[in-house]
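As structure tokens, the structure follows; a few thoughts come after it.
Both counts, for ligands and for their atoms, begin at 1 and track the order of listing. One-based numbering along the sequence shown.
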Amino acid sequence: MKLYSFFRSGTSHRLRIALNLKGIAADYVAVDLRVDEQQKEAFKAINPQGLVPALDTGEQVMIQSPAIIEWLEEKYPTPALLPTGADARAHVRALAAMVGCDIHPINNRRILQTLRKQFGADEAAINAWCGTWISDGFDAYEALIAADPSRGRFSFGDTPTLADVYLIPQVESARRFNVDMNRWPLISAIDHACGELDAFKQAAPLAQPDA
Ligand SMILES: N[C@@H](CCC(=O)N[C@@H](CS)C(=O)NCC(=O)O)C(=O)O
């Protein structure tokens with residue numbers, strides 16, 4: 001398999017974690033977002049959306065990290081990223097969606113570039129923008145996990161799930177935008193627990209060949 005990735009991309013990071021948790025190796029192909037390589041014809045032939053990640057399985061090229069991670073879960077069911085039981089699965093999927101649908105997309109590079117270029121935002125404004133939406137999402141995430149009797153060392157239970165796969169890259173991004181993580185002790189504890197696992201360590205931005 002070939003993984004088209006950028007070290008600092010949150011969506012690439014979440015896919016790297018999922019691949020590592022499943023024990024699946026993929027050759028790393030760096031796409032440098034700093035020089036807009038994702039917009040070049042060569043990459044658009046792989047993903048016409050001009051976004052990373054993409055996963056070339058040899059049989060097909062897959063895009064959209066949620067779709068790829070669901071494909072991984074179906075194709076390589078163990079270890080499972082979703083708990084058993086429809087109610088628990090809905091809860092874990094909701095936590096993942098809070099990050100994947102409601103925090104990450106509005107802090108994405110192309111949004112920030114538009115804020116800079118068309119709306120004159122400086123770096124302080126960019127940090128404030130990202131801080132607003134990360135804090136809004138993390139406040140709700142922290143409240144949900146605080147209220148969940150099934151919470152263990154991770155977002156749900158004592159093994160990493162899809163929720164952690166989405167959460168950890170967003171914590172990484174929060175730090176990059178100078179968001180003070182002390183406000184969310186439960187999320188910080190989960191970040192610490194994940195940070196002890198090789199699957200997460202090896203997926204970290206600074207562990208990538210293009211870092
Ligand atoms: N919904 C897509 C989003 C992918 C995405 O936004 N990727 C970002 C990096 S995290 C990207 O390639 N950005 C390029 C740009 O903003 O121009 C997914 O989950 O795969």
Side-chain angles (χ1 to χ4, degrees), residues 1-22 24 26 28-57 60-75 81-82 92-119 121 123 126-127 129-131 133-134 137-138 141 161-177 179 200 203-211:
M1 289 196 203
K2 263 197 281 189
L3 171 65
Y4 293 87
S5 171
F6 177 59
F7 74 106
R8 225 163 37 204
S9 143
T11 49
S12 304
H13 187 179
R14 72 170 76 128
L15 180 53
R16 293 194 301 263
I17 296 169
L19 285 164
N20 292 348
L21 285 169
K22 299 277 186 192
I24 299 165
Y28 193 99
V29 184
V31 181
D32 194 343
L33 301 193
R34 291 165 298 194
V35 294
D36 286 331
E37 208 180 335
Q38 77 281 12
Q39 294 298 341
K40 304 251 161 72
E41 232 175 90
F43 184 70
K44 283 229 172 151
I46 292 154
N47 180 1
Q49 257 199 309
L51 299 170
V52 288
L55 187 71
D56 185 347
T57 66
Q60 65 167 326
V61 176
M62 287 186 288
I63 62 167
Q64 287 291 338
S65 62
I68 305 172
I69 293 169
E70 277 183 39
W71 176 86
L72 285 173
E73 185 72 352
E74 287 173 17
K75 198 95 175 162
L81 296 178
L82 286 168
V92 166
R93 284 190 169 114
L95 291 172
M98 286 167 76
V99 173
C101 302
D102 299 328
I103 305 179
H104 171 272
I106 44 179
N107 299 325
N108 197 2
R109 179 182 157 82
R110 59 186 177 163
I111 305 298
L112 304 185
Q113 288 294 71
T114 303
L115 289 175
R116 287 184 184 105
K117 289 181 183 160
Q118 286 181 36
F119 298 95
E123 286 320 290
I126 292 292
N127 286 352
W129 170 273
C130 293
W133 302 118
I134 291 170
F138 278 5
Y141 197 106
T161 62
L162 188 73
D164 306 302
V165 166
Y166 278 68
L167 177 66
I168 298 311
Q170 194 60 62
V171 171
E172 179 76 32
S173 157
R175 292 209 183 89
R176 192 149 49 86
F177 292 113
V179 176
F200 285 84
L206 292 180
Q208 305 316 304
D210 55 336

If you look at every heavy atom in [X] and [Y], which pair is closest and at what distance?
X: I134; Y: F177; answer: CD1-CD1, 4.4 Å
X: D210; Y: S5; answer: OD2-O, 4.0 Å
X: I63; Y: Q49; answer: CD1-OE1, 4.2 Å
X: D32; Y: Q38; answer: O-OE1, 4.1 Å
X: I17; Y: I168; answer: CD1-CB, 4.3 Å

For ligand 1, which atoms have a heavy atom of [X] less than 4.0 angstrom away?
X: P53; value: 20 (O)
X: R14; value: 19 (O)
X: G10; value: 10 (S)
X: P66; value: 19 (O)
X: R110; value: 15 (C), 16 (O), 17 (O)

Exercise. Between S9 and ligand 1, is there a nitrogen or oxygen pair with a distance under 3.5 Å?
Worked result: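 No, since none of the N or O atoms of S9 sits under 3.5 Å from an N or O of ligand 1.
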Problem set entry | Closest candidate by heavy atom, reference atom 8 (C) of ligand 1, pool N108, N47, I111 |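 Result: the heavy atom closest to atom 8 (C) of ligand 1 is in N108.
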Checking a contact table here: which protein heavy atom is nearest [atom], and how many Å away?
atom: atom 19 (O) of ligand 1; result: S65 OG, 2.6 Å
atom: atom 3 (C) of ligand 1; result: T11 CG2, 4.0 Å
atom: atom 1 (N) of ligand 1; result: Q64 OE1, 2.7 Å
atom: atom 7 (N) of ligand 1; result: V52 O, 2.8 Å
atom: atom 11 (C) of ligand 1; result: L51 CD2, 3.5 Å

Problem set entry | Any side-chain heavy-atom pair of F200 and N20 under 4.5 Å |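 With C-beta onward as the side chain, the pair stays apart.
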Problem set entry | Beyond-backbone contact of I126 with L115, side-chain heavy atoms, under 4.5 angstrom | yes
Problem set entry | Proximity flag S12 to ligand 1, non-hydrogen atoms under 4.0 Å |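 Not so, S12 does not reach ligand 1.
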Exercise. Is the closest heavy-atom distance from H104 to ligand 1 below 4.0 Å?
Worked result: yes
For this session: May I ask you to decide whether K22 forms a salt bridge with E73, counting only side-chain N to carboxylate O separations under 4.0 Å?
Result: yes
Exercise. What do we get for Q38 next to ligand 1 when only non-hydrogen atoms under 4.0 Å count, side chain, backbone, both or neither?
Worked result: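 Within the 4.0 Å criterion, Q38 contacts ligand 1 through side-chain atoms alone.
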For this session: Examine the proximity of ligand 1 to H13 and report which part, side chain or backbone, both or neither, has a heavy atom under 4.0 Å away.
Result: neither
For this session: Tell me yes or no: between the side chains of Q113 and R110, is some donor less than 3.5 Å from an acceptor?
Result: no
Exercise. Take atom CH2 in W71; do more than 12 heavy atoms of anything else shown fall under 6.0 Å from it?
Worked result: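 Yes, CH2 of W71 has more than 12 neighbouring heavy atoms, counting only those of other groups under 6.0 Å.
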